[in-house]
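Quick notes on the structure that follows.
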Amino acid sequence: MAAQASFIGQKNKKEQVYTDPWHMMNEAARTPSFFTGSEVIKEAVRRASCDIMVAYPITPQSEAAALCGELFAEGYIGDYFRGESEFAVMSQCAGAAFGGARVFTTTAGPGTMRAMENFPMWAGARLPIQMIVTCRGINSPLSIQPDTLEISYLMQTGMLVWHAETAQDFYDWILKGYMVSEEPDVHLPLALCCDGFFVTHTKDMVDLTPVDMCLPPYDPYRSPVPCMDMECPPVRMMRDPFVMKSNYISYATHASWQQEVWAAVERSRKHTIRWMDGLIDTENTDADIIVVASGTAVSQSREAIAILEEEGIKVGLVKVKTLRPWPGEEIREATKHANHIIVPEFNVTGWLAREVSATIPNNNRVHAGPHVCGGMTMPPEIIAAEIKTVLGVKAPSLAGRGG
Amino acid sequence: MSKERIKIAEELFDIMPAEYQDLVKRATYGNEQRGWKDIGNAKELIEEHSLCAGCPESMAFRYILASLPNPEDTVMVGSTGCTSLVFPHVAVHNIHSLFGNQNAVASGLKRALTVRFPDRHKDVVVLAGDGATVDIGLDMTLQAWFRQEKFTTICFDNELYANTGGQESGLMQKGFVAKMAPVGKTFEKVRLPEIARESGCHYVVNCTVSKPNLIEKVIKNAVHIAREIGPTYLQLYTPCILEIGKNSMEGLQEMRDSEKPTERFAYKEYVSEPAKELLAELAAKEKERKAEAKRQLASQTVTV
């Protein structure tokens, strides 16, 4: 941190003070503000000392990308431009990160999938790019509505993957995300996900850090791989590219590097726990029934738990904050007393239930569902009905609601 | 900037690889007059390579690396292909990310370097084959030019997908029978130099790599113009002798045959008006430098 520490106390061209990140995020006074999730992205980026932001329109992230453009016009970002497609945008982000910049971008749904080839490359090249993913449907028939299926794919890329529930999570985690992903023993890209529209297009009270404080700038020389700026001595790297000369050497090199990428994901655990106060949040984990959820499914689950409590049914809650690193040990501990583990999700495949099932003992306790997708909301009553069904309690049909 | 940037700690010098020692002793970093003739005594930036014997691309690589005006501050961006086999031997920073996205990577890279080093020239040079430049990467190639990104794009045009075994490419000649073109390619060679001009490139050259003097000149022009004005594009014929059925010693003749006035690699050059002015300024400075050198030499002669 030596190079970054030397900036602390100095002012940037916008008169913001480079501030110790721990003080800024945990001790500085906060101002309550009423903002949409997209506006919250802008406010976080305003304080993030970003060098480069690359934008491309796709619903529901377009508003956030446009608002970051305003930040550039105001002088808060080093450079900003619109790429020609999501594949190109993520490639442009890669180039900027290779060159030693702190990079930010946003995408959603089909854009995430179009750009997918880049993400394992980002992770393999150890580029600490932060990408906001405002999740939406990616399937045919066309949907622009919330759906978290794309997270299922992102989890296998070697990136850090966090799933925000609220605009407040979003604000804090954007800034904390850079602190974790830029650690020398991590140095990985971060996909910071939220459920599109539910978070991006609704207004909420968010406590903002002071506008005249910002993160210290990124120091590319703390990277575990050389920064591509010719400031470090270049070398002729090898006599023969191993990719051509020996299948065994190629295999060994590739395998060990892939393992190193995933080891770096694991090494992020300790930093993430410190900054985010744990990888999960829990409530009433002594209950016989536990809901495990991430994103806005957590909010809907809270409402369902309140409904059931009025009926005398006690249900606990696990809010999963990070998907990579995966909080396996934490979830095992939080669910050890439960006979029923309910996993409601805003996608049809149930990737969270799969992950939970894969990491806890006696996984026949896991009930995958309810599932909604393609923009369908998840009324708390659906979750409550699912829990009653699991318990063998008769629940009224929801089909006639409103009829 | 000079060789000082690649100095080896004295205690460790003898255990460093011979190639690295050679680079430190003889590299032409910091020498503005460096050029292809230095290849003879400074192996310069590239040591060995793993291309086929007699591959014209290997000649092109050496000429280009020796002609970079500012290698100590140049980053190259490559793409999937035979160039990927050479870059590990090259002593300038280079990036290989994905197939075809080289101009997008270069866009982000150049902008990042400009933000980080606003008062210094950091040159970015893209070097990719015709498949990466004109086929899978065409969108990103063109959009970088539309946006007036300040870097040089070099296409090693071997008129097919060479690294994967000779499949049809957009720059392949019409009628050429290739894998994936079993009855001969059905459309004309894409006219990318013309498209480059219309897309905003300020300096466009179409030629072979048979003449090192010429390559040195166009590389220097392209990098200087990209640095000061906007995008530049070089399309260099580097035939894949393997895939067109030539022997190791026939690559040079293949290029000479293809650069005749009526052939597809006859020398063509486009220079925009702002670029012409810049080249004139650079030529005037060079003339003055030579005159000054001559004066100094004359005064030394008198003293002796």
Rounded to the nearest 0.5 Å, the CE atom of A:Met90 sits from the OG atom of B:Ser97 at a distance of 13.5 Å

Heavy-atom closest pair, residues B:Asn94 and A:Met228: O-CE, 3.3 Å

A:Met121 versus chain B, the contacting section by heavy-atom distance below 4.5 Å: side chain

Contact class of B:Val115 relative to chain A, heavy atoms under 4.5 angstrom: side chain

Does the side chain of A:Phe87 come within less than 4.5 Å of B:Asp139's, by heavy atoms? no

Which atoms of B:Phe117 approach chain A - backbone, side chain, both or neither, heavy atom under 4.5 Å: side chain

Validation row: B:Arg111, A:Ile52 side chains within 4.5 angstrom (heavy atoms): yes

With a sphere of 6.0 Å drawn around CD of B:Glu32, does it hold more than 12 non-hydrogen atoms of other residues, nucleotides or ligands? no

Hey, which of A:Cys93, A:Gly83, A:Gly100, A:Ala94 has the most heavy atom pairs under 4.5 Å with chain B? A:Gly100

Using a 6.0 Å cut-off, check whether atom CZ of A:Arg114 has over 12 heavy atoms from anything other than its own residue. no

When the 4.5 angstrom heavy-atom criterion is applied to A:Ala88 and chain B, the contacting part is both

Salt-bridge criterion met for A:Glu231 and B:Arg116 (N-O under 4.0 Å): no

Test: B:Arg147 cationic atom under 6.0 Å from A:Phe81 six-membered ring centre, within 45° of axis: no

Any side-chain heavy-atom pair of B:Asn101 and A:Asn118 under 4.5 Å: yes

Euclidean distance, A:Ser91 OG relative to B:Gln102 CD, rounded to 0.5 Å: 9.5 Å

B:Thr114, part contacting chain A, at a heavy-atom distance under 4.5 Å: neither

Between B:Leu113, B:Leu142, B:Val124, B:Leu109, which shows the greatest number of heavy-atom pairs under 4.5 Å with chain A? B:Leu109

To the nearest 0.5 Å, how far apart are CZ in A:Phe98 and CD1 in B:Ile95? 5.0 Å

In terms of heavy-atom pairs under 4.5 Å with chain A, which of B:Ala104, B:Ala144, B:Ala112, B:Ser107 leads? B:Ala104

Go through the steps for B:Thr74 and A:Met230 under the test side-chain contact (heavy atoms from CB on, under 4.5 Å), then give the verdict. CA-CA 7 Å; B:Thr74 301; A:Met230 290 300 284; 5.6 Å; no

Would one find more than 12 heavy atoms of other residues, nucleotides or ligands at under 6.0 Å from atom OH of A:Tyr153? no

